[in-house]
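A note on names: the letters A, B, ... follow the listed sequences, proteins ahead of strands, and every chain is numbered from 1.
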2 protein chains.
Amino acid sequence: MEKILNNISVDCVIFGYADDSLYVMLTRRELMDAKTGQPLFTDYTVQGHHILTGENVDDAARRVLKEKTGLDNIYLKQFHAFGDISRIQHTNDQLWLKTTYPDVSDYVLTVGYYSLVDKTKVNPDEAHSFSSWFPVAELPELGYDHREIIDKALEALQSAVLKEPVAFELLPEKFTLLQVQRLYEAILGVNLDRRNFRKKINQMKYVIPLDEKQNGVPHTPAQYFIFSWDVYHKTKKEKYNISF
Amino acid sequence: MEKILNNISVDCVIFGYADDSLYVMLTRRELMDAKTGQPLFTDYTVQGHHILTGENVDDAARRVLKEKTGLDNIYLKQFHAFGDISRIQHTNDQLWLKTTYPDVSDYVLTVGYYSLVDKTKVNPDEAHSFSSWFPVAELPELGYDHREIIDKALEALQSAVLKEPVAFELLPEKFTLLQVQRLYEAILGVNLDRRNFRKKINQMKYVIPLDEKQNGVPHTPAQYFIFSWDVYHKTKKEKYNISF
DNA sequence: AATATTGTGTGTATTTATTACACAGTAACA
DNA sequence: TGTTACTGTGTAATAAATACACACAATATT
């Protein structure tokens with residue numbers, strides 16, 4: 001019999017990419033006054049859930065991601081555990097918990113994960129009815145410590161894409177160099193020089209040009225590339241460069 | 001009244017530096033057969049403890065570090081949460097828990113922290129009687145999933161010292177360039193070219209030469225330097241260099 | 001007094017990476 | 001036929017990474 005552990009949860013910061021922009025999936029939280037039927041407050045949270053008995057914490061995160069996006073086998077990475085006693089102590093959070101989840105403990109440690117999904121592949125029907133996408137730069141009011149969680153998730157994602165080719169996980173199998181650049185720009189929040197960026201990517205042996213070009217685009221068709229994890233793993237070297 | 005939370009703990013991987021080498025502090029775990037008085041097994045674990053009610057998880061880690069080393073205000077960083085159901089399921093671990101901590105839950109999520117201390121400043125009297133230092137390259141048999149925890153802690157430390165000047169936290173206020181180099185070599189486990197390393201450090205404006213030299217050393221006395229976090233923070237720039 | 005030991009301080013040539021920057025061309029569409 | 005939007009390309013300047021050798025100073029050893 002699966003029960004929830006009332007003091008351990010996971011929270012998934014689901015980054016969605018589309019239209020050259022980065023979004024976060026958030027769930028609306030609205031508490032109604034029992035008497036008047038008026039909303040007491042409205043805010044948003046990232047997707048989370050308590051872990052179940054007998055469940056690995058990584059599996060709990062995958063479960064939440066699957067529930068909210070319908071997606072499996074997606075890049076999903078733990079980035080930090082949040083365990084301050086104050087994290088669920090604000091008035092709205094206490095009200096919400098007491099009325100909605102009376103069994104939850106006073107103290108909940110949550111393990112934060114982020115993932116990076118193709119926003120266009122998340123079927124709105126599969127997403128939870130109260131969930132929607134917000135541009136990372138324009139977040140609404142957030143519950144609990146979820147502002148901190150999202151900030152830290154974004155920092156972790158930004159570090160990750162500079163150090164490992166995880167961004168390629170998100171691109172279609174065949175992609176153009178502009179697609180790679182736009183993705184990096186969306187994640188990092190900066191503009192990158194096109195020619196220098198292409199030079200950089202071109203020197204990566206594991207980004208392999210195909211004999212195939214775009215079709216039906218209203219401009220010079222771009223060459224397609226594929227990413228090879230195989231070549232990547234076979235050719236990568238340890239680097240010991242101090243850079244701060 | 002402070003109680004322990006029986007399903008959440010912290011584990012501190014305490015790295016100690018001395019003699020140009022990196023060590024890990026481990027605690028001996030020996031279970032005796034109640035009848036024969038013979039040891040059933042002996043192994044080692046990193047220092048951990050369950051968190052207490054009303055305690056921030058970061059504070060729990062600080063508490064453990066203080067208990068085991070007597071040290072306060074030391075670089076201590078959370079690096080990963082470990083929450084697989086199998087992590088305390090091995091025979092020795094179950095035997096140990098059932099006889100020693102019967103109240104502990106079947107499932108314990110642990111939050112891993114690492115710290116970096118001056119091994120020579122850890123007073124052996126203050127250290128737990130069963131604790132001792134092991135070179136990172138020669139670890140004994142480890143309990144639970146502590147091999148994985150230590151491996152991941154070391155990777156996190158290695159990444160951290162390349163990206164941020166945290167290694168300087170460990171050096172004495174006044175240090176020589178060779179001391180910096182030896183510390184990096186110990187943490188990274190590689191040899192670095194002396195002239196290139198000095199060139200690198202010398203270009204850092206926040207590593208400031210003093211008008212003071214070593215004394216009583218059996219070779220040319222080296223110049224002392226200090227590290228300035230102030231200058232560091234004032235001069236640091238965001239970098240967006242892809243490097244993998 | 002001589003010598004061994006151990007670490008200090010210094011420079012250059014080569015290669016590689018980073019940065020800043022401009023123009024001609026192609027496919028679709030209006 | 002022009003407009004739009006993106007492709008593909010190169011160079012000069014600067015900065016960083018790498019590989020590598022010798023003279024010197026302070027102490028300890030004989």
Side-chain angles (χ1 to χ4, degrees), chain A residues 19-21 161-163 165 171-172 174-186 188 190-226 235-244, chain B residues 19-21 161-163 165 171-172 174-186 188 190-226 235-244:
Chain A
D19 319 316
D20 303 338
S21 300
V161 299
L162 294 174
K163 250 181 49 166
L171 293 169
K174 296 184 294 189
F175 51 83
T176 67
L177 295 183
L178 183 63
Q179 284 180 287
V180 185
Q181 184 179 344
R182 292 283 184 258
L183 176 55
Y184 268 90
E185 290 177 330
L188 298 175
V190 294
N191 291 320
L192 302 170
D193 179 87
R194 192 166 64 92
R195 277 187 288 185
N196 293 336
F197 188 85
R198 292 169 71 90
K199 202 187 297 173
K200 185 97 194 184
I201 302 292
N202 265 314
Q203 81 195 13
M204 298 175 178
K205 301 291 186 349
Y206 36 86
V207 177
I208 302 164
L210 298 179
D211 271 341
E212 196 183 341
K213 299 198 164 195
Q214 281 179 318
N215 233 306
V217 289
H219 53 74
T220 311
Q223 182 157 45
Y224 280 122
F225 292 78
I226 55 169
T235 59
K236 87 169 178 156
K237 296 204 198 89
E238 291 299 319
K239 296 190 180 165
Y240 299 103
N241 278 344
I242 300 170
S243 174
F244 44 76
Chain B
D19 318 316
D20 303 338
S21 300
V161 299
L162 293 174
K163 255 184 43 168
L171 293 168
K174 296 184 295 189
F175 51 82
T176 67
L177 296 183
L178 184 62
Q179 284 181 288
V180 185
Q181 185 179 345
R182 292 284 183 258
L183 176 56
Y184 269 89
E185 290 177 330
L188 298 174
V190 294
N191 290 321
L192 302 170
D193 180 87
R194 192 166 64 93
R195 278 187 288 186
N196 293 336
F197 187 85
R198 293 168 71 92
K199 204 187 293 174
K200 184 96 193 185
I201 302 292
N202 266 313
Q203 82 195 13
M204 299 174 178
K205 300 294 186 347
Y206 37 85
V207 177
I208 302 164
L210 298 179
D211 272 340
E212 196 184 341
K213 298 198 164 193
Q214 280 180 319
N215 231 305
V217 288
H219 53 74
T220 311
Q223 182 157 45
Y224 281 122
F225 292 78
I226 55 170
T235 59
K236 87 170 181 157
K237 297 205 197 86
E238 291 299 320
K239 296 189 179 163
Y240 299 102
N241 279 344
I242 300 170
S243 173
F244 45 75

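- A donor-acceptor pair is defined here as one N or O able to donate and one able to accept, closer than 3.5 Å; such a pair exists between the side chain of Ser21(B) and the backbone of Asp19(B).
- Note on Gln223(A): only backbone sugar-phosphate atoms sit closer than 4.0 angstrom, heavy atoms only; bases stay farther off.
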Contacts under 3.5 Å, N or O only, protein and nucleotides 1-3 of chain C:
none

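- Between Phe244(A) and Tyr206(B), the ring-plane angle classifies as tilted under the 30° and 60° cut-offs.
- Counting to the nearest Å, the P atom of dT7(D) and the OH atom of Tyr224(A) are 11 Å from each other.
- Here the P atom of nucleotide dG10(D) and the CZ atom of Arg194(A) are 13 Å apart, to the nearest Å.
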Any N/O pairs under 3.5 Å between the protein and nucleotides 17-19 of chain D? List them or say none.
| residue | atom | partner | partner atom | Å |
| --- | --- | --- | --- | --- |
| dA17(D) | OP1 | Lys200(B) | NZ | 3.0 |
| dA17(D) | OP2 | Lys200(B) | NZ | 2.9 |
| dT18(D) | O4 | Lys199(B) | NZ | 2.7 |
| dA19(D) | N7 | Asn196(B) | ND2 | 3.0 |
| dA19(D) | N6 | Asn196(B) | OD1 | 3.3 |

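- No donor-acceptor contact under 3.5 Å links the side chain of Arg182(B) to the base of dG7(C).
- What separates CD of Gln179(A) from P of dA5(D) is a distance of 18 Å, to the nearest Å.
- A donor N or O paired with an acceptor N or O is not found under 3.5 Å between the base of dG9(C) and the side-chain atoms of Thr220(B).
- The distance from atom CZ of Phe197(A) to atom P of dC6(D) is 16 Å, rounded to the nearest whole Å.
- For the pair Lys239(A) NZ and dT16(C) C1', the interatomic distance rounds to 11 Å; values are reported in whole Å.
- Between Asn215(B) atom CG and dT27(D) atom P the separation is 7 Å, expressed in whole Å.
- Lys205(B) contributes no side-chain N or O that, together with a main-chain N or O of Thr235(B), makes up a donor-acceptor pair within less than 3.5 Å.
- Where Phe225(B) and Ser243(B) each meet DNA chain C at their nearest nucleotide, the meeting point lying more 5' is that of Phe225(B).
- In this structure, NZ in Lys199(B) is found 9.0 Å from CD in Gln203(B), a value given to the nearest 0.5 Å.
- Rounded to an integer number of Å, the gap from CD1 of Ile201(A) to P of dT9(D) is 15 Å.
- Gln214(B) places no side-chain N or O within donor-acceptor distance of the main-chain N or O of Tyr224(B), the cut-off being under 3.5 Å.
- The residue among His219(A) and Pro218(B) whose nearest nucleotide of DNA chain C is located toward the 5' end is Pro218(B).
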Audit row: Val190(A), Glu238(B), side-chain contact (heavy atoms from CB on, under 4.5 Å) steps and yes/no: CA-CA 11 Å; Val190(A) 294; Glu238(B) 291 299 320; over 6 Å; no

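- Side-chain contact between Ile226(A) and Lys174(A): present, with at least one pair of heavy atoms (C-beta onward) separated by less than 4.5 Å.
- In this structure the side chain of Pro172(B) reaches within 4.5 angstrom of the side chain of Gln179(B), judged on heavy atoms.
- No side-chain donor-acceptor contact under 3.5 Å links Tyr240(B) to the backbone of Tyr184(A).
- Here dT9(D) presents its P atom at 15 Å from CG of Leu178(A), a figure rounded to the nearest Å.
- Applying the 3.5 Å distance criterion, the base of dG10(D) shares no donor-acceptor pair with the side chain of Arg198(A).
- Among the heavy atoms of the strands, none lies under 4.0 Å from Leu177(A).
- For the pair Glu185(A) (side chain) and Leu192(A) (backbone), a donor-acceptor distance under 3.5 Å is present.
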